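Ligands are counted one by one from 1 in listed order, and the atoms in each one are counted from 1 as well. Computed from a predicted structure; not experimentally measured.
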Amino acid sequence: MKAQIAITKGDGVGPEVVEEGMKILKTVEKYSDLSFEFKEAPAGGKVWKEMGQSLPDKTFTIIKESDALLFGAIGIPGLPQGVAESAILGIRQGLDLYVNLRPIKLFDALKDRCPLKDQYIGDGIDLTIVRENTEGLYANIGGIMKKEVAINNMIYTRSGCERIIEYAFQFAKKHNHKKITSVDKANILKPSQLWREIFEQIGKSYPKLEKENMYVDAFCQWLIRSPYDYETVVTGNLFGDIISDEGAFLIGSLGMASSGNIHPGQVSMYEPIHGSAPDIAGKNIANPIGTILSVKLMLEESFKQEEIAHDIEKSVEEALNEGRTIDIENKLLETLTTTQMGDLISEKLKSFLKK
Ligand code: NAI
Ligand code: MG
């Protein structure tokens with residue numbers, strides 16, 4: 001059976017990096033039993049300019065009827081604040097993608113680019129942030145009164161907390177993690193107090209896992225002081241947004257970071273965490289690895305292809321030892337374009353899949 005994959009190329013560097021993500025999927029298709037059908041699902045700033053909507057109904061229908069969505073990045077300078085970006089919230093809310101999975105893994109080959117390279121980093125950085133993706137301040141409940149008062153309500157529901165925390169415990173167990181860290185602000189915020197109570201309740205069913213609670217402000221500095229200390233980190237929407245950008249900085253470049261917006265068992269969306277990068281768009285220099293690792297997550301989470309996912313990761317590691325895009329360049333290695341980086345990873349993958 002063919003899996004249907006919706007493709008949103010988006011704006012700026014979006015189309016350039018998505019092209020490389022698709023290259024990897026086509027290589028997988030050629031050298032495995034899997035087969036894919038791609039369907040364009042246009043969204044973003046360019047689409048807004050043409051149609052007055054950043055997520056046309058037709059696009060949403062295509063996405064809803066697919067097995068997964070590969071998403072580039074959207075946003076065009078000069079458009080009214082948020083019009084393009086609202087497509088992302090529309091997809092996350094519309095498909096109830098309550099898990100935002102953000103792996104923060106420093107490849108051995110990239111240790112030279114880690115901002116902490118002169119500091120002790122134990123046996124490396126390899127953690128995953130499991131962020132709640134539909135509630136909190138981003139539930140967008142609020143308003144502005146007389147241009148004087150602005151309010152957003154921080155909504156945490158019991159069922160919303162339970163499903164994301166349960167997912168995180170399952171994730172930790174599946175990956176043989178020893179510890180799970182919950183990040184909140186329970187000393188001040190009521191929603192965090194509900195969150196912590198539920199974390200402790202669910203934690204009772206996982207006696208083998210070490211459980212840890214941290215306040216978000218303290219966590220921000222511990223993530224820099226001892227990033228090697230964390231494995232699964234579960235947190236709410238706002239805190240997850242902030243700490244995952246901090247984490248992305250630790251792995252060498254924003255262009256390296258991948259993510260999944262997931263509703264287990266239903267259509268889910270995979271995207272690099274960077275934006276449309278208008279400053280480098282159209283130059284064929286963007287790093288496609290964040291997108292390629294998002295494809296890896298798609299194969300792992302939506303299609304349960306753990307072996308192929310692992311092969312993609314190994315291919316990236318090998319490629320990084322030979323060449324780099326400009327954002328992670330190393331003077332001793334060849335500097336590659338977006339296309340060349342994708343080609344090199346695809347070549348590596350071919351040899352793994354043929355074995
Ligand atoms: P950005 O992530 O687009 O760029 C920040 C910096 O990182 C820039 O210097 C850029 O050149 C660099 N960068 C980003 N991706 C890169 C890659 N793959 N390879 C090498 N360098 C890379 O963030 P910025 O500038 O704040 O936002 C630009 C636009 O993107 C805005 O309209 C923003 O709203 C939108 N945006 C969209 C997102 C999405 O579609 N998921 C996420 C974040 C921002
Ligand atoms: Mg963010």
Worksheet item: Partners of Phe169 by ring-ring contact (aromatic ring centres under 6.0 Å, His included), sequence neighbours excluded?
Response: Phe199, Tyr206
Discussion item. Within a 6.0 Å radius of atom NZ on Lys46, are there more than 12 heavy atoms belonging to other residues, nucleotides or ligands?
Written reply: no
Discussion item. Need the ligand 1 atom indices (1-based, order shown) with element for anything under 4.0 Å from a heavy-atom of Pro278.
Written reply: 28 (C)
Worksheet item: Is Phe249 atom CZ crowded by more than 12 heavy atoms from other residues, nucleotides or ligands, each under 6.0 Å away?
Response: no
Response to the item:
For Glu271, the atoms of ligand 1 under 4.0 Å from one of its heavy atoms are 41 (N)
Worksheet item: Can a non-hydrogen atom of Ile280 be found less than 4.0 Å from any atom of ligand 1?
Response: yes
Discussion item. Using a 4.0 Å heavy-atom cut-off, which part of Ile74 comes near ligand 1: side chain, backbone, both, or neither?
Written reply: both
Practice prompt. From the options Ile326, Asp279, Thr8, select the one whose nearest heavy atom is closest to atom 9 (O) of ligand 1.
Written response: Asp279
Discussion item. Which of the numbered atoms in ligand 1 are under 4.0 angstrom from any heavy atom belonging to Ala73?
Written reply: 40 (O)
Item to complete: Run the numbers for me: atoms of ligand 1, each under 4.0 Å from some heavy atom of Gly75, listed by number.
Response: 32 (O)
Item to complete: Using distance alone, determine whether Ala277 and ligand 1 share an N or O pair under 3.5 Å.
Response: yes
Worksheet item: Which atoms of ligand 1 are found less than 4.0 Å from any heavy atom of Gly255?
Response: 17 (C), 18 (N)
Discussion item. With rounding to the nearest 0.5 angstrom, report the CD1 to OG1 distance, Ile285 to Thr338.
Written reply: 7.0 Å
Fill in: Separation of Lys211 NZ from Ile202 CD1 (nearest 0.5 Å)
11.5 Å
Item to complete: May I ask you to list the atoms of ligand 1 that are less than 4.0 angstrom from any heavy atom of Ile88?
Response: 39 (C), 40 (O), 41 (N)
Response to the item:
Between Ile62 and Glu40 the two heavy atoms that sit nearest each other are CD1-O, 3.5 Å
Discussion item. Angle between ring planes, Phe38 versus Phe36, binned at 30° and 60°: parallel, tilted or perpendicular?
Written reply: tilted
Discussion item. Return the OH to CD1 distance between Tyr270 and Ile5, rounded to the nearest 0.5 Å.
Written reply: 10.0 Å
Discussion item. Closer than 4.0 Å to some heavy atom of Leu254 - which atoms of ligand 1 meet that?
Written reply: 2 (O), 5 (C), 7 (O)
Practice prompt. Using heavy-atom distances, let me know which of Ser276, Gly44, Pro288 sits nearest atom 30 (O) of ligand 1.
Written response: Ser276
Item to complete: Verify the neighbour count for atom NZ of Lys111: are there more than 12 heavy atoms of other residues, nucleotides or ligands below 6.0 Å?
Response: yes
Worksheet item: Any chance CD of Gln81 has more than 12 other-residue heavy atoms, nucleotides or ligands included, within less than 6.0 Å?
Response: no
Item to complete: Report yes if some N/O of Ser253 lies less than 3.5 Å from some N/O of ligand 1; otherwise report no.
Response: no
Worksheet item: Under 3.5 Å, N or O to N or O, is Val17 touching ligand 1 that way?
Response: no
Response to the item:
Checking heavy-atom distances from atom 43 (C) of ligand 1 to each of Pro272, Ala286, Gly275, Ser259, the winner is Gly275
